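The block underneath contains the structure these notes are about, expressed in structure tokens.
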Amino acid sequence: MGDWYVYAHIPYFLERGKVGTLDRYVLRPDGKIDNYFIFRKGSLDAPLKSWKALAWVHDTKTQAEWRVQFLWPLKVPYLVLDLDPDYQW
């Protein structure tokens, strides 16, 4: 959990024009995860904005496949492809 900064990515249509982005993950008491997408629009001088989503681990065996829901009832897969053993990347 915590803040994960975006250093490089190929933006999909909702991310276009967003800069200085990060994802903040907060574990809830029920085991689900509050996921905040924090960004500035167009310029690093722009005010901070955020979108909140709900996330949960879909594949509990590998913990590498999540579901994220920004808007009910739409759920999208979120795949963890690689992870440093010390959580540095």
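As the structure is a prediction and not an experimental result, all values here were calculated from the model.
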- So, W56 versus Y78, ring centres under 6.0 angstrom or not? no
- Task: Identify whether Y36 and L48 are in the same connected component of the hydrophobic contact network (ILVMFWY, side-chain heavy atoms under 4.5 Å).
- Result: yes
- Item | Parallel, tilted or perpendicular, as decided by the 30° and 60° cut-offs, for the rings of W51 and F37 | tilted
- S50 OG to D23 CG distance, which is reported to the nearest 0.5 Å: 11.0 Å
- Task: Test D59 against K61 for salt bridge (charged side-chain N to carboxylate O under 4.0 Å, His left out), laying out the working first.
- Result: CA-CA 5 Å; D59 183 339; K61 182 178 179 185; over 6 Å; no
- Note on the structure: Rounded to the nearest 0.5 Å, the CD1 atom of I38 sits from the CG atom of D3 at a distance of 6.0 Å
- Note on the structure: Tested for side chain to side chain contact (heavy atoms under 4.5 Å, CB included) against V57, the lone hit among Q63, E65, R67 is Q63
- Is there a path from W4 to L81 through hydrophobic residues (I, L, V, M, F, W, Y) whose side chains come within less than 4.5 Å of each other? no
- Query: side-chain contact (heavy atoms from CB on, under 4.5 Å) between R28 and L54: does it pass, once the steps are laid out?
  - Reply: CA-CA 10 Å; R28 297 170 16 157; L54 178 64; 3.3 Å; yes
- Would a hydrophobic clustering, with Ile, Leu, Val, Met, Phe, Trp and Tyr connected at side-chain separations under 4.5 Å, put L74 with F13? no
- Task: Could you pull out the closest heavy-atom pair between W66 and A55, with the gap in Å?
- Result: CE3-CB, 4.1 Å
- Which distance, rounded to the nearest 0.5 Å, do you find between the CZ of R24 and the CE of M1? 13.5 Å
- Message: Which heavy atom of A53 sits nearest to which heavy atom of V68, and what is that distance?
- Response: CB-CG1, 3.7 Å
- Task: Over all heavy atoms of both residues, which pair between L44 and V19 is shortest? Give the atoms and the distance, please.
- Result: N-CG2, 3.8 Å
- Where the side chain of K18 meets the backbone of L14, is there a donor-acceptor pair that is under 3.5 Å apart? yes
- What distance do Y25 atom OH and N35 atom CG have between them, rounded to the nearest 0.5 Å? 5.0 Å
